[in-house]
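I have placed the structure first, in the form of structure tokens, so that the comments after it can refer back to it.
All figures in this text were calculated on a predicted structure; none of them were measured in a lab. For ligands, and for the atoms within them, numbers begin at 1 and follow the listed sequence.
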Amino acid sequence: MKRAVIKVGSQVLCGSDGELNVKVLAGLAAQIADLAAADWQIVLVSSGAVAAGAGVLRTESGARRLGSIGDPVTRKQVLAATGQVRLMETWGRFLGERNVAVAQVLATRSDFQTRRHYLNMRACIEALLQAGVVPVVNENDVVAVTELMFTDNDELAGLLSAMLNADLLCLLSTVPGVLAGDGQPIATWDEQRHQLEELVVEGTSTLGRGGMHSKISIARKAAGLGIDVVIADGAAQDVLRNIVRGDDLGTRFASRRDTSPAKRWLATAAQSTTTGSVVVNDGAAAVLRDRNRLASLLPVGVETVSGTFEKGDVIEIRDTQGSVLGCGRTRYGHEKARELQGQRGQKALIHYDYLYLSD
Ligand SMILES: Nc1ncnc2c1ncn2[C@@H]1O[C@H](COP(=O)(O)OP(=O)(O)O)[C@@H](O)[C@H]1O
Ligand SMILES: N[C@@H](CCC(=O)OP(=O)(O)O)C(=O)O
């Protein structure tokens with residue numbers, strides 16, 4: 001069985017009036033059902049709740065009442081909570097017509113930061129996939145607090161694809177791929193040739209949140225974790241069928257390496273906020289940077305311990321110049337770590353299995 005995470009942007013699914021593009025939804029649902037029948041396990045990340053909510057509350061009285069909610073954040077929460085129902089109902093109908101059951105999963109960034117929540121969520125999604133159900137995931141906009149929000153659902157999709165060991169991540173938007181200076185989509189992303197800063201103009205689609213910048217950085221990260229990524233136009237005819245067939249379509253980011261599940265979690269946790277860090281001395285930094293060695297981080301190599309953290313938390317590792325080397329799951333809380341720093345003969349602060357070094 002192969003596994004794909006498919007993320008669809010708000011603007012692909014919804015017009016600016018908040019009406020769902022049922023033709024596009026029906027088309028994607030049909031392709032997802034075909035993939036499911038062809039032994040693919042599919043996780044769908046669907047944006048569009050806020051946009052669809054605007055459609056639901058478009059009636060005169062709905063708009064008036066919505067307008068009376070002063071706080072814009074609360075107004076958005078109301079739209080998200082309302083639109084999420086319509087979104088699920090529509091996916092449920094189109095996939096249900098093809099005998100594919102759907103489940104709703106709403107997640108926040110903090111669910112990826114606590115290993116217990118992370119494992120719990122993973123177990124549930126794994127069980128849904130095993131049962132042949134398509135999880136339809138969105139950010140839980142009702143409880144997400146600003147500083148702990150995903151950049152956008154592309155980030156959520158990237159985290160899920162790492163968490164679930166996906167073979168493929170599709171980021172479906174309103175553009176045919178990453179457009180180069182000449183306006184043509186780049187067929188294959190080349191780390192040597194393409195520079196993020198040179199390519200991408202700022203800005204998102206009207207309803208979108210993170211823009212192409214965030215899509216590319218997520219695609220690169222996922223590819224670095226061993227996942228093939230394609231950015232493509234979600235409304236294009238047979239987009240998913242063509243991607244899976246390997247046709248030239250959109251922008252592909254070829255997977256670069258294989259990483260263990262524990263390290264995938266670390267890589268995803270690294271994208272979230274960490275509460276502590278250590279500075280390692282030059283010797284330890286050189287050992288960690290040496291890709292021919294599988295080294296753990298020992299207390300003897302630690303110069304400074306900053307912040308507060310507990311045993312089992314993910315902390316950041318920096319060198320003496322302040323560059324981030326990576327992160328890892330600590331064996332000690334901050335007090336014990338401070339007590340042991342610089343000492344020889346102590347058990348590793350971060351065991352190799354729980355150490356994630358950035359590229
Ligand atoms: N080089 C580029 N190639 C393609 N799109 C770009 C580029 N630079 C900026 N964009 C913008 O990024 C938008 C897609 O991101 P976003 O609005 O977040 O989409 P979605 O809502 O589908 O997640 C496009 O509509 C486009 O305006
Ligand atoms: N959770 C929000 C989606 C936010 C988001 O990331 O939107 P997009 O950039 O269009 O994928 C919603 O459902 O409206």
Just which atoms of ligand 1 are under 4.0 Å from any heavy atom in Thr174?
25 (O)
Going by distance only, is there an N or O of Gly211 that falls short of 3.5 Å from an N or O of ligand 1?
yes
For Asp154, atoms of ligand 1 separated by under 4.0 Å from a heavy atom:
23 (O)
Under the salt bridge (charged side-chain N to carboxylate O under 4.0 Å, His left out) criterion, do Arg3 and Asp167 qualify, and how do the steps go?
CA-CA 5 Å; Arg3 202 168 262 192; Asp167 301 281; over 6 Å; no
State whether the shortest distance between N or O atoms of Asp141 and N or O atoms of ligand 2 falls below 3.5 angstrom.
yes
Against ligand 2, does Gly48 come closer than 4.0 Å with any heavy atom?
yes
More than 12 foreign heavy atoms under 6.0 Å from CG of Asp248: is that the case here?
no
Who gets closest to atom 14 (O) of ligand 2 by heavy atom: Leu171, Val50, Val137?
Val50
Quick check on contacts: which atoms of ligand 2 are under 4.0 angstrom from a heavy atom of Ser10?
7 (O), 8 (P), 10 (O)
Around atom CD of Glu191, are there more than 12 heavy atoms of other residues, nucleotides or ligands at under 6.0 Å?
yes
Atoms of ligand 2, numbered as shown, that sit under 4.0 Å from any heavy atom of Asn153:
1 (N), 3 (C), 5 (C), 6 (O)
Below a 4.0 angstrom heavy-atom separation, can you tell me which part of Lys7, side chain or backbone, both or neither, approaches ligand 1?
side chain
With the threshold set at under 4.0 angstrom, would you say His213 reaches ligand 1 through any of its heavy atoms?
no
Main chain of Met1, side chain of Gln41: is a donor-acceptor contact present, judged purely on distance under 3.5 Å?
no
I'd like to know whether ligand 1 has Asp152 as a neighbour, heavy-atom separation below 4.0 Å.
no
Return yes when atom CZ of Arg58 has more than 12 non-hydrogen atoms of other residues, nucleotides or ligands closer than 6.0 Å, and no otherwise.
yes
Have a look at Ser46 and tell me which of Leu87, Val102, Asn153 forms a side-chain contact (heavy atoms from CB on, under 4.5 Å) with it.
Leu87
Near Lys7, which atoms of ligand 2 are under 4.0 Å from a heavy atom of that residue?
8 (P), 11 (O)
Measure from the side-chain N and O atoms of Gln184 to the backbone N and O of Ala180, and report whether any donor-acceptor pair falls under 3.5 Å.
no
All side chain to side chain donor-acceptor pair (under 3.5 Å) counterparts of Gln84, not counting sequence neighbours
Gln104, Asn138
Under 3.5 Å between any N/O of Leu179 and any N/O of ligand 1: does that happen in this structure?
yes
What atoms of ligand 2 come closer than 4.0 angstrom to any heavy atom of Asp152?
6 (O)
Taking Arg318 for the side chain and Ser277 for the main chain, is one N or O donor matched with an acceptor at less than 3.5 Å?
no
Can you check whether Glu310's main-chain N or O pairs, donor with acceptor, with Asp313's side chain at less than 3.5 Å?
yes
Ligand 2 N/O within reach of Ala49 N/O, cut-off under 3.5 Å
yes
Tell me whether Gln346 contacts the main-chain N or O of Leu340 through its side chain, where contact means a donor paired with an acceptor under 3.5 Å.
no
If we only count heavy atoms from C-beta on, is the Thr330 to Phe309 side-chain gap below 4.5 Å?
yes
Atom indices of ligand 1, in the order listed, that fall short of 4.0 Å to a heavy atom of Ser173:
14 (C), 19 (O), 20 (P), 22 (O)
Under 3.5 Å between some N or O of ligand 2 and some N or O of Ala51?
no
Contact between Gly177 and ligand 1, counting heavy atoms under 4.0 Å?
yes
With nothing but distance in play, are any N or O atoms of Gln11 less than 3.5 Å from an N or O of ligand 1?
no
So is Gln84 in contact with ligand 2, going by heavy-atom distances below 4.0 Å?
no
Which atoms of ligand 2 have any heavy atom of Asn138 under 4.0 Å away?
1 (N), 2 (C), 12 (C), 13 (O)
Between the main-chain N or O of Ser323 and the side-chain N or O of Asp319, is there a donor-acceptor pair closer than 3.5 Å?
yes
